[in-house]
Engineer: 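To start, I am sharing the structure in question, which I have written as structure tokens.
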Amino acid sequence: MNHFRRENPAVPHDDQSTFLFLLAGAREGGNTETLARAAAAHLPTQARQTWLNLRELPLAPFDDIRHAGAGVYPQPEGAEKVLLDATLAADHLVVASPLYWYSVSSSAKLYLDYWSGWLRVPGADFKARMRGKTMWVVTALSSTDQTTADPLIGTLKLSAQYLGMHWGGALLGYANRPGDITADTEALTRAKTFFS
């Protein structure tokens, strides 16, 4: 199993970069989070890390009003504002989502749905401000066939591409039951150099 895929090895970042880790698992301290934290442990000490758990920042079902009236979205409040502000403040977005039914988790998908609204929030300049950031993904999957993660990777890679973001790569690990990721020594080894 190839635990690491990076199509563009020349991803720009320096020691002062800001990384936003979006934990999108349905289990506290799950395998995906463990793998993400293993990779983050090898970032430069000067790199700033923000960790947000999407389960702790619940979003309402996304309401698509793009074609209603002016199609303008209100200024975000509450959890939505926290997520928007953190997203815009980061140089690197790391989506840590287990593979659920061959794609991202429901909380990660809902977060991405909100991007459609943020594109239409007056003054947010979401598309312009996302350009040049880097998207990464860390995921644990319960199959040794890494191609089962292709839809998940494609969702995030194409979303990044749409906004003119760089694609950092995907760190994959095998884990089925809680704690299994600790036995995937290859994934944990790859984690050490994932962001470098």
Side-chain angles (χ1 to χ4, degrees), residues 1-7 9 11 13 17-59 79 82-83 86-87 90-114 134-160 167-196:
M1 181 174 183
N2 179 6
H3 295 80
F4 179 65
R5 289 200 248 166
R6 181 181 295 151
E7 287 81 2
V11 174
H13 79 83
S17 292
T18 301
F19 285 76
L20 171 61
F21 290 84
L22 293 162
L23 301 177
R27 183 186 302 124
E28 186 70 29
N31 290 302
T32 296
E33 179 179 345
T34 300
L35 186 57
R37 290 192 184 277
H42 297 278
L43 283 168
T45 55
Q46 302 92 333
R48 290 165 289 170
Q49 299 180 29
T50 299
W51 292 77
L52 296 179
N53 190 325
L54 294 179
R55 291 187 311 130
E56 297 171 359
L57 294 164
L59 295 169
V82 171
L83 288 168
T87 299
D91 302 310
H92 298 262
L93 271 66
V94 184
V95 177
S97 172
L99 182 69
Y100 290 147
W101 287 104
Y102 310 103
S103 190
V104 294
S105 67
S106 58
S107 61
K109 178 60 170 65
L110 184 57
Y111 164 75
L112 293 174
D113 287 346
Y114 268 78
T134 302
M135 172 80 81
W136 309 80
V137 62
V138 178
T139 188
L141 53 153
S142 60
S143 172
T144 56
D145 178 3
Q146 70 166 1
T147 64
T148 60
D150 286 350
L152 178 149
I153 294 169
T155 293
L156 295 170
K157 185 175 181 181
L158 290 171
S159 297
W167 175 247
L171 176 61
L172 310 177
Y174 173 78
N176 185 28
R177 299 179 61 81
D180 276 358
I181 196 66
T182 58
D184 190 342
T185 55
E186 185 179 345
L188 294 172
T189 298
R190 296 284 189 187
K192 295 177 182 179
T193 58
F194 181 52
F195 294 119
S196 60

Engineer: State, yes or no, whether a side-chain contact exists between L156 and L112 at a heavy-atom distance under 4.5 Å.
Structural biologist: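 They are in contact (side-chain heavy atoms under 4.5 Å apart), so the answer is yes.
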
Engineer: Atom OG in S159, atom NZ in K109: separation rounded to 0.5 Å?
Structural biologist: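 With rounding to 0.5 Å, OG (S159) is 8.5 Å from NZ (K109).
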
Engineer: Give a yes-or-no answer on whether the side chains of S143 and D145 include a donor-acceptor pair shorter than 3.5 Å.
Structural biologist: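 The answer is no; no qualifying pair exists.
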
Engineer: Between M135 and A160, which heavy-atom pair has the shortest distance, and what is it?
Structural biologist: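 It is CB-CB, 3.7 Å.
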
Engineer: Please report the shortest heavy-atom distance between A187 and G173, naming the atom on each side.
Structural biologist: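 The pair with the smallest heavy-atom distance is CB-CA, 3.9 Å.
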
Engineer: Between L83 and L54, does a side-chain contact (heavy atoms from CB on, under 4.5 Å) hold up when you go through it step by step?
Structural biologist: CA-CA 9 Å; L83 288 168; L54 294 179; 3.7 Å; yes

Engineer: Roughly how far, to the nearest 0.5 Å, is OG1 of T148 from CG of L141?
Structural biologist: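 Between L141 CG and T148 OG1, I get 5.0 Å after rounding to 0.5 Å.
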
Engineer: Between the side chain of D184 and the main-chain N/O of Y174, is any donor-acceptor distance below 3.5 Å?
Structural biologist: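 Answer holds: yes.
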
Engineer: For the residue pair V138 and V94, what are the closest heavy atoms and their distance?
Structural biologist: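 Reported closest heavy-atom pair: CG2-CG1, 4.0 Å.
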
Engineer: Once you round to the nearest 0.5 Å, how far does NZ of K157 lie from CG of D150?
Structural biologist: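 It is 10.0 Å, given to the nearest 0.5 Å.
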
Engineer: Quick one: pull up CH2 in W101 and CG in L152 and give me the separation to the nearest 0.5 Å.
Structural biologist: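 Nearest 0.5 Å value for the CH2-CG distance: 15.0 Å.
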
Engineer: Can you tell me how far the CZ atom of R37 sits from the CH2 atom of W51, to the nearest 0.5 Å?
Structural biologist: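 Separation between the atoms: 4.5 Å.
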
Engineer: Checking the side chain of S97 only, and the main-chain atoms of S105 only, is there a donor and an acceptor separated by less than 3.5 Å?
Structural biologist: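 Between the backbone of S105 and the side chain of S97 there is a qualifying donor-acceptor contact (under 3.5 Å).
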
Engineer: Considering only distance and modelled atom types, tabulate donor-acceptor pairs under 3.5 Å from the side chains of residues 18-31, sequence neighbours left out.
Structural biologist:
| from | atom 1 | to | atom 2 | distance (Å) |
| --- | --- | --- | --- | --- |
| T18 | OG1 | R48 | NE | 3.3 |
| T18 | OG1 | R48 | NH2 | 2.9 |
| E28 | OE1 | R55 | NH2 | 2.8 |
| N31 | OD1 | G179 | N | 3.2 |
| N31 | OD1 | D180 | N | 3.2 |
| N31 | OD1 | I181 | N | 3.0 |
| N31 | ND2 | R177 | O | 3.1 |

Engineer: Go through Y111 and L93 one step at a time and tell me if the side-chain contact (heavy atoms from CB on, under 4.5 Å) criterion holds.
Structural biologist: CA-CA 12 Å; Y111 164 75; L93 271 66; 3.4 Å; yes

Engineer: Judged by atom type as modelled, is there a donor-acceptor pair below 3.5 Å linking the side chain of T193 to the main-chain atoms of S196?
Structural biologist: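 Checked: no pair found.
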
Engineer: Would you please test F195 and T134 for side-chain contact (heavy atoms from CB on, under 4.5 Å) and show each step?
Structural biologist: CA-CA 11 Å; F195 294 119; T134 302; over 6 Å; no

Engineer: Please name the pair of heavy atoms, one in I153 and one in W167, separated by the smallest distance, quoted to 0.1 Å.
Structural biologist: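 Answer, listing the atom of I153 first, then W167: CG2-CZ2, 3.7 Å.
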
Engineer: Could you report the tightest heavy-atom contact between L35 and A191, atom names first, then the distance?
Structural biologist: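 Distance-wise, the nearest heavy atoms are CD1-CB, 4.2 Å.
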
Engineer: Measure the spacing between OG1 of T32 and CG of L99 and express it to the nearest 0.5 Å.
Structural biologist: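 If we round to the nearest 0.5 Å, T32:OG1 and L99:CG are 9.0 Å apart.
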
Engineer: Any donor-acceptor pair under 3.5 Å linking the side chain of T139 with the backbone of L172?
Structural biologist: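 No; judged by distance alone, with no hydrogens or angles, the pair does not exist.
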
